[in-house]
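One structure is given below, encoded as structure tokens.
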2 protein chains.
Amino acid sequence: MSIATAKDTRDTERGSRRLILDHAARLLRNGGYHRATLREIAEAVGIRKASLYYHFASKEEIVEEVVNDGVRFVHEAVVAALAETEGAAPRERLEAAIHAHLAALHGHGDYTSASIKVFTFGAGPVPESVRAVRRAYEDVWRGLIAELQQAGALPAERAPDALRNFLLGALNGSTDWYRPERFRIDALAREFSELLSPAR
Amino acid sequence: MSIATAKDTRDTERGSRRLILDHAARLLRNGGYHRATLREIAEAVGIRKASLYYHFASKEEIVEEVVNDGVRFVHEAVVAALAETEGAAPRERLEAAIHAHLAALHGHGDYTSASIKVFTFGAGPVPESVRAVRRAYEDVWRGLIAELQQAGALPAERAPDALRNFLLGALNGSTDWYRPERFRIDALAREFSELLSPAR
DNA sequence: ATCTGACTACCTACCGGACGGTAGGTGAAT
DNA sequence: ATTCACCTACCGTCCGGTAGGTAGTCAGAT
């Protein structure tokens, strides 16, 4: 551990960054871009508002990082689920992907749900990085849907774009009604996947 | 013209209210509760901000009316579509209801899409009237889904609550991706209804 | 062993502007 | 004379962001 001291410094730095992002994610999830204020975030972290500017250049930079983190987390979870079920029955892969998406959405702090709530930024357009990260994740589903249609697990005569928008909209909409005490994620994943791709 | 003048006055009054609500709906749709400001609304209407308080008691009152109008409009559209297809094949009724929902969502000014965007109010809880209007509309779908499951047009083994949340989430999510030049509502309604209830 | 200077991770104090809302006035119509 | 449908002017509060200071850490020079 020769680099220990350097690492400690950077860990501390990252610790503060992470703490700020954690609270920002929670506030963004609960109120969206315009309701989440730097004052609230700073107060939750336990520092003064101006100190946020030591770690970030602007509010938008904080939001951007939260949103991208959230999407990337779901992305990686779904990719991992698909890798684990490689070669399995198509319906199983669909269920695994839906399960991974829902689990990431409702299990990863508030990042992922914040990233859904905050699809509109304050001033000007959505940053390019956010659009890119989103698109990359959508591509995973584009690929999966094509695969499932080819395998006959999803009806080939359905328009893939409509299918993807429909499914992702339904899954992301769960942030509005999902309550852990009322639903179980594995049960929901099974419900949804069998609805789209019934066992015959 | 004794009645006519009185009518004119009331028409004018309603005209102003309606104009305010129209612009409020547009701004709420585009930015949600916290981004839509009374100054912007007033400026769009062409009056001073303080004059809004002649017609409404508070910002929340304006938002409440927009949101309820929006939900009620979809509600009535779907109920009408179901009345028109009474006795028809279950799959046809499902498609008619989905079509009515989508058409109302993307065709009725900005009220309905605003009501989806604004599910969180500024301070305190969502007004009771809003919750009631929402619940009433959900009940329409509760009834339709029960009917379709009984008729075998939707799989009876799917949990009705999950089914309803899934479908309404998918339909409402269309506000994020629907563009009139890229999709046709009747095509989407057919896609979605056949996806859930395929012709065999 | 001690001083120095850079760097880190905050702080206090303040800025101009926008927010929702209020007070009180005004001209036209009834 | 009263009511309607607006107006101007203003309130206190909060917004994101900036300026500039400071205690603590630590490497390297003296």
Requested in this report: Could you identify which residues cluster with B:Ile116, counting Ile, Leu, Val, Met, Phe, Trp and Tyr as linked when any side-chain heavy atoms lie under 4.5 Å apart, either directly or through a chain of such contacts?
Outcome: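 Once heavy-atom contacts under 4.5 Å are chained together, B:Ile116 belongs with B:Leu105.
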
Salt bridge (charged side-chain N to carboxylate O under 4.0 Å, His left out) pairs, two or more places apart, involving [range]:
{"range": "residues 131-153 of chain A", "result": "A:Arg93-A:Glu147, A:Glu128-A:Arg131, A:Glu128-A:Arg135, A:Glu138-A:Arg142, A:Asp139-A:Arg142"}
{"range": "residues 96-107 of chain A", "result": "none"}
{"range": "residues 102-114 of chain B", "result": "B:Arg29-B:Asp110"}
{"range": "residues 75-85 of chain A", "result": "none"}

Rounded interatomic separation in angstrom, taking [atom1] from [X] and [atom2] from [N]:
{"X": "A:Tyr53", "N": "C:dC10", "atom1": "OH", "atom2": "C1'", "value": "16 Å"}
{"X": "A:Ile62", "N": "D:dG16", "atom1": "CD1", "atom2": "P", "value": "10 Å"}
{"X": "A:Glu60", "N": "D:dC15", "atom1": "CD", "atom2": "C1'", "value": "14 Å"}
{"X": "A:Leu52", "N": "D:dC15", "atom1": "CG", "atom2": "C1'", "value": "14 Å"}
{"X": "B:Tyr54", "N": "C:dT22", "atom1": "OH", "atom2": "C1'", "value": "17 Å"}
{"X": "B:Glu61", "N": "C:dG20", "atom1": "CD", "atom2": "C1'", "value": "14 Å"}

Query raised in the report: Listed in order of residue number, which residues of residues 22-45 of chain B have a non-hydrogen atom at under 4.0 Å from DNA chain C?
Result: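 Those residues whose heavy atoms fall under 4.0 Å from DNA chain C, taken from residues 22-45 of chain B in numerical order, are B:Ala36, B:Thr37, B:Leu38, B:Arg39.
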
Protein-nucleotides 7-9 of chain D N/O pairs closer than 3.5 Å?
{"from": "D:dC7", "atom 1": "OP2", "to": "B:Arg48", "atom 2": "N", "distance (Å)": "2.6"}
{"from": "D:dC7", "atom 1": "OP2", "to": "B:Ser51", "atom 2": "OG", "distance (Å)": "2.5"}
{"from": "D:dT8", "atom 1": "OP2", "to": "B:Arg48", "atom 2": "NE", "distance (Å)": "3.1"}

**Report entry** Contacts of type side-chain hydrogen bond (donor to acceptor under 3.5 Å, both in side chains), residue A:Arg158, not counting sequence neighbours
**Finding:**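 Scan of A:Arg158 (side-chain hydrogen bond (donor to acceptor under 3.5 Å, both in side chains), adjacent residues dropped) gives B:Glu191, B:Glu194.
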
Query raised in the report: Hey, which of B:Arg179, B:His106, B:His101 is the one that makes side-chain hydrogen bond (donor to acceptor under 3.5 Å, both in side chains) with B:Ser174?
Result: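 The option that passes is B:His106.
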
Query raised in the report: Could you give all pairs that pass the ring-ring contact (aromatic ring centres under 6.0 Å, His included) test and reach residues 74-93 of chain B, with sequence neighbours left out?
Result: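 Listed once each, the pairs are B:His75-B:Tyr137.
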
